[in-house]
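One structure below.
A, B, ... follow the sequence lines: proteins, then strands. Residue 1 opens every chain.
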Amino acid sequence: MWYTDLIDQITKRPDAEISMVETDQLSKVPSFLLDRLLPDEEHTLVIEELNSTLSKWIIDPKKKNHTPVIIGSIDGSVNNFLRKFAETMGWRILGAPYESSLLTLDFKTYLSFLDIPPDQPIVIPKLEKWFLRHHFGLNFLREMIQWLRTEKRTCVIGCQSWAWGYLKKTMRIDKMFPFTLTMSPKDPQTLNQWLSSPGKPFKDISFTFRNTADGQPIFSLDAEPDPFVSRLAAHTRGQPWLAREIWRESLLFHDHKVASDTALEASLKDASCSVWIKPWDESELLNLPTNLNNADLRLIHTSLIHGGISEATLIETFSANPADMANQLDTLRNAGLIKQVEDSWHVSTVKYPAIRRKLVQEGFLFDDL
Amino acid sequence: MIYLILVFFSAIFMWIGSWVTWKLIPRYAAELPAPLPKWINSVLPLIQFGLLLFIIGALALTDISTEDEIFAYFAGGVLALSFVLQDYLSNLFAGLITFYERPYEIGDWIEVSGIYGEVMSIKFRAIQVLTPDDTLVTISHNQILGQPLLNNNNGERDHLCVANFYLHPDHDAELVQTHLKDVALTSQYTQLEKPIAVAVQEKPWGTHYRVKAYPVNGRDQFLFISDLTVRGKAVLRHLDVKWANVTRAVS
């Protein structure tokens with residue numbers, strides 16, 4: 001309309017190097033390009049801290065009596081790290097049984113299947129998979145913990161933060177395992193530096209991340225972090241994996257109609273290209289549906305404390321009608337709040353900060369990260 | 001004539017003011033972080049009272065020129081209102097006492113005169129309580145003041161719920177107590193930040209277990225008690241515990 005064009009003309013900054021871009025001309029960055037624009041997933045931010053602490057624990061005879069528990073976020077990075085740690089050290093990984101067995105199997109029987117040598121150090125990467133929120137669902141984990149304490153076995157445990165919070169209240173697990181490690185949150189400056197360093201940059205093409213509102217670069221080495229990065233750090237509580245995922249979903253690109261990175265390289269050789277980010281307040285990633293009710297929140301909360309849960313187990317623990325449960329899961333998936341990974345339902349990563357805030361606001365038990 | 005027009009516009013102003021006070025403000029107040037919604041809802045009656053006084057005062061002052069006339073109008077008005085609105089005024093003053101003492105707030109679950117439900121609104125003359133059967137009951141402040149009032153949660157989001165089990169005395173009480181506690185610990189409704197207890201009492205006819213816990217949301221109290229009861233019974237059946245035979249005890 002003529003008046004919107006007039007408003008655009010008045011508000012446009014004439015001295016901007018790149019003029020305001022129309023966001024309807026932009027589309028999601030293709031997946032082959034995203035790998036080149038994002039920082040490495042397993043960044044040294046996480047790995048160095050964990051390696052350093054565990055190395056000190058291994059050589060300290062006093063600390064050896066305490067089983068360290070690494071409390072991680074819902075992204076599974078602690079699980080990946082501990083598996084690599086176990087492979088490096090030659091320790092045995094002790095995985096949980098199938099979800100469906102947790103209510104019917106006893107730990108002694110399960111142990112007899114595993115045949116673990118008496119002095120074999122072990123790693124339990126996912127403690128959240130050892131229990132169910134069911135009136136018979138805590139017994140298996142209790143038996144396992146009793147076995148660990150009786151055997152006095154060298155062990156490292158990984159546990160997702162929501163499960164740890166739940167087990168603290170239900171089993172006082174923090175009294176049994178007082179030696180816990182958590183990742184310190186990252187400040188905006190650290191996140192700024194990390195996000196501005198793509199893991200696998202192109203050789204001959206430089207990319208600049210720009211704000212769609214004024215065309216200005218997001219990253220400027222000498223300046224304070226951009227407001228978007230500061231808000232991202234606050235919103236994600238300094239969790240780098242979460243910041244990376246939201247950053248990933250926020251990136252927009254002019255569609256160059258190329259299907260691969262080699263074709264893109266060819267078309268943009270020796271060029272500078274812009275990748276766009278909408279201002280924080282315009283992002284749709286942060287909103288939750290207005291019709292989210294307590295039943296939905298309880299389901300989401302259950303998924304969080306289990307680190308993902310199958311539909312069959314949800315039906316069992318909620319004593320729900322299968323058709324009603326399927327409908328509820330579909331509704332939440334269509335709203336972008338949960339996603340299915342194999343047969344397990346997980347909370348959506350990009351919606352996680354908004355979901356966490358809502359759960360805290362409604363009085364649900366939450367984690368410490 | 002002008003005066004009639006003024007009265008007409010005053011009525012419209014009062015209607016708009018009431019709508020803003022009781023519909024618009026609570027809607028937007030609900031979006032604010034706690035405890036702002038509670039504070040805002042508690043001053044709504046005062047806001048409406050203030051509006052009423054403002055309109056009465058404005059109407060009275062439009063037709064006054066001397067101090068004697070002011071006094072005359074005021075005295076006459078008070079006398080008329082006292083006769084016409086004596087019941088209403090007594091409720092109004094009872095409401096002001098309630099506002100000062102704050103025995104309940106919006107969102108509290110109270111029981112008065114045998115009526116149990118959630119306080120939905122607190123107005124000049126009366127409060128409105130929504131019962132578990134979805135019935136909206138209006139109770140005047142005067143009626144409440146003269147009776148014992150039970151407040152289940154007193155401004156908190158959650159309040160204590162109890163599920164009762166009556167068992168045959170011949171069983172392992174420690175085992176039952178442990179399992180019933182697990183039932184409460186693992187309920188989807190349980191507020192784990194609050195204490196959970198299983199009280200056991202021996203009676204002539206058997207053993208009475210009371211599972212006491214808090215739900216995350218007080219509005220789920222009945223679902224919570226149902227959940228505890230259903231899963232508690234499943235656990236007790238699994239343990240092969242017999243139920244108390246109460247009819248035998250009565251006879």
- line: Turns out that what part of Arg133(A) lies under 4.5 Å from chain B's heavy atoms comes down to both
field: Part of Phe136(A) lying under 4.5 Å from any heavy atom of chain B
entry: side chain
query: Got a sec: does the NZ of Lys194(B) have more than 12 other heavy atoms crowding it under 6.0 Å?
result: yes
Reported CD1-to-CE distance for the pair Ile106(B) and Met120(B), which is rounded to 0.5 angstrom: 8.5 Å
- request: For this output row, return yes or no: ring centroids of His306(A) and Phe131(A) closer than 6.0 angstrom.
  value: yes
- prompt: Looking at Arg219(B), Gln188(B), Arg231(B), which makes the most heavy-atom pairs under 4.5 Å with chain A?
  reply: Gln188(B)
message: Test of understanding: with salt bridge (charged side-chain N to carboxylate O under 4.0 Å, His left out), list the residues that count as partners of Glu105(B), not counting sequence neighbours.
response: Lys38(B)
statement: To the nearest 0.5 Å, atom CD1 of Ile157(A) lies from atom CZ of Phe179(A) at 12.0 Å
query: Got a donor-acceptor contact below 3.5 angstrom from the His159(B) side chain to the Asn151(B) backbone?
result: no
Thr170(A) versus chain B, the contacting section by heavy-atom distance below 4.5 Å: both
Interchain contact, Gln361(A) with chain B, by part (heavy-atom threshold 4.5 Å): backbone
query: Under a 4.5 Å heavy-atom cut-off, does chain A meet the side chain of Asp227(B), its backbone, both or neither?
result: neither
Contact winner vs chain B - Lys168(A), His134(A), His135(A), heavy-atom pairs under 4.5 Å: His135(A)
